[in-house]
Amino acid sequence: MKVVILNDTHCGIRNSSDIFLDNAEKFYDDVFFPYLLSNGIRRIIHLGDVFDNRKFINFRALNRYRKSFLNKLRTHSIHMDVIPGNHDTFFKNTNDLNSLKELLGHYMNEVTIHMEPKVLNLDGFKMAMLPWISPENHNKSLEFIKKCKADWLGGHLELKNFEVMRGVVSHEGLDHKLFNRFEKVITGHFHVGSQKDNIQYLGAQMQFFWSDADDVKGFHVLDTETRELDKITNPHTLFHKIVYDDSKTDYSAFVPDVNNKFVKIIVINKQDLFTFDRFVDKIQEQSIHDLKIAENFDEFLGDNVNTTEISVEDTGLLLDNYIDTVNTDLDKERLKSEMRNLLIEAQTLEVA
């Protein structure tokens, strides 16, 4: 039996921008459902964060999701099992009030919402489903982890020492050794794919932020007989970085295809100003969403900062490195966590 795994689809992300709604629709129309239908797959497991905003959903985003995803489940007799992620829940201390129960009610024949930990039997292959661990269900969840009879576990987990984004490691969450008894654990929550021991963060299916620019996105297919997990790449990208160095490259004839992209030009060396201006003109002549040019970062540097340790390409890493260099008695790991949360919140609310 083959089962498709989704996670962190975040319907309505970036203030329900049409850019991201269109990108999700292209993924479902051009990549996801054609793969399912051509391979005869009729079972989906979603590991949480179906929706993005914890407090509300834009009706237009919900309408787009219904047409591009939910209606296709019904049309093609595809069933989805889903657990709530942290973004699906209204309160931070309980999963009880969540967007899945409130918004998927008309699709209960196609969607099964697992509010409690449960073991699914997939033609003899036992997959444990573990919803987001909140203060309310913490003890019950740990008991389930210790005692459930399952081969694999699928969850929406916050684990220590895994990458939140490339180069930024989480210092909060559970110890992944709690899950040693399972053959394999697959999880959503962090949007970048990574693996350590028997734990695999699958990563998001689509690009949402600049930190996703160089990360290959896609969904996963589980073969319950061979126990193999294959990644199917999503070719639709939104973010494109150009490292500009005219000491190494002739840009007079070089024009990358960046239509329908967010574009960032990172200037390493700019000796010929005329060629640079013409290059920028050629970029702007295309149908791009936005253009950023990164040339000078002196505004971010303080007296206590060792500039050789700073990556100018990633805001999250820049903030972490800055905090590391500040002379303070405050808990730096907590400061980093709070700053990352603020950064993500700011990115999410940004109107693209």
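Note that the structure is a prediction, hence the values are computed from the model and not measured.
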Note, Val119 side chain near Lys149 side chain (heavy atom, < 4.5 Å): no

Heavy-atom closest pair, residues Ile283 and Ile288: O-CG2, 3.8 Å

Parallel, tilted or perpendicular: ring planes of Tyr65 versus Phe51, cut at 30 and 60 degrees: perpendicular

Contact summary for Val243 and Tyr251, nearest pair of heavy atoms: O-OH, 3.1 Å

Backbone of Trp210 reached by a side-chain donor or acceptor of Lys264 within 3.5 Å: no

Under 3.5 Å donor-acceptor, Ser17 side chain and Ile19 backbone: yes

Side chain to side chain donor-acceptor pair (under 3.5 Å) involving Asn71 - partner list, sequence neighbours excluded: Tyr107

Check against side-chain contact (heavy atoms from CB on, under 4.5 Å), Asp30 and His236: CA-CA 9 Å; Asp30 301 344; His236 298 303; 3.4 Å; yes

Residue that, paired with Trp152, satisfies ring-ring contact (aromatic ring centres under 6.0 Å, His included) out of Phe179, Phe125, Phe182: Phe125

Under-4.0 Å salt bridge between Glu116 and Lys140: yes

Close side-chain approach of Ile265 and Glu295, heavy atoms under 4.5 Å: no

Heavy-atom closest pair, residues Gln271 and Ser247: NE2-CB, 4.2 Å

Shortest non-hydrogen contact between Phe279 and Pro256, atoms and distance: CE1-CD, 3.9 Å

Student check: side-chain heavy atoms of Met127 and Val3 closer than 4.5 Å: no

Glu225 atom CD: more than 12 heavy-atom contacts under 6.0 Å: no

Mutual orientation of the aromatic rings belonging to Phe262 and His289 [parallel < 30°, tilted 30-60°, perpendicular > 60°]: tilted

Closest heavy-atom pair and its distance - Phe144, Met129: CE2-O, 4.1 Å

Charged tip of Lys270 within 45° of Tyr244 ring normal and under 6.0 Å: no

Lys126 NZ: over 12 foreign heavy atoms closer than 6.0 Å: no

Pair His189-Asn86, side-chain donor/acceptor within less than 3.5 Å: yes

Any donor-acceptor pair under 3.5 Å from His87 side chain to Asn53 backbone: no

Same cluster (ILVMFWY, side-chain, under 4.5 Å), Met1 and Leu47: yes

Heavy-atom side-chain proximity of Leu159 to Asn161 below 4.5 angstrom: no

Flag side-chain contact, heavy atom, 4.5 Å: Ile83 against Leu130: no

Pairwise distance CD1(Ile186) to CD1(Ile5) - rounded to 0.5 angstrom: 4.0 Å

Over all atoms of both residues, closest heavy-atom pair of Asp246 and Asp272: OD2-N, 3.0 Å

Polar side-chain atom of Gln286 near backbone of Val258 as donor-acceptor pair, under 3.5 Å: yes

Salt bridge (Lys or Arg N to Asp or Glu O under 4.0 Å) pairs, two or more places apart, involving residues 41-50: Arg43-Asp81

Worked verdict on Ile133 versus Leu174 for side-chain contact (heavy atoms from CB on, under 4.5 Å): CA-CA 10 Å; Ile133 300 176; Leu174 297 173; 3.7 Å; yes

Backbone of Gly203 reached by a side-chain donor or acceptor of Lys217 within 3.5 Å: no

Under the side chain to side chain donor-acceptor pair (under 3.5 Å) test, residues paired with Gln205 that sit two or more places apart: Asn7

Centroid-centroid distance, Phe219 to Phe32, less than 6.0 Å: yes

Lys26, NZ atom: more than 12 neighbouring heavy atoms under 6.0 Å: yes

Side-chain donor or acceptor of Ser170 paired with backbone N/O of Glu172 under 3.5 Å: yes

Ile13 side chain reached by Phe209 side chain, heavy atoms, under 4.5 Å: yes

Main-chain N/O of Phe239 paired to Gln207 side chain as donor or acceptor, under 3.5 Å: yes

Asn39 (side chain) donor-acceptor with Ile41 (main chain) under 3.5 angstrom: no

Side chain to side chain, Lys248 and Asn269, heavy atoms closer than 4.5 Å: no

Close side-chain approach of Arg74 to Leu70, heavy-atom, < 4.5 Å: no

Trace of the side-chain contact (heavy atoms from CB on, under 4.5 Å) decision for Val185 with Leu157: CA-CA 10 Å; Val185 174; Leu157 302 171; 3.9 Å; yes

Residues Lys177, Asp197: salt bridge by 4.0 Å N-O rule: no

Side chain Arg181, main chain Ile145, donor-acceptor under 3.5 Å: yes

Co-membership, hydrophobic cluster, residues Val164 and Val192, 4.5 Å side-chain: no

Pairing of Arg166 and Asp214 as salt bridge, 4.0 angstrom limit: no

Whether Ser68 side chain and Glu25 backbone form a donor-acceptor pair below 3.5 Å: no

Intermediate values then yes/no, side-chain contact (heavy atoms from CB on, under 4.5 Å), Phe69 and Leu6: CA-CA 12 Å; Phe69 188 85; Leu6 289 176; 3.9 Å; yes

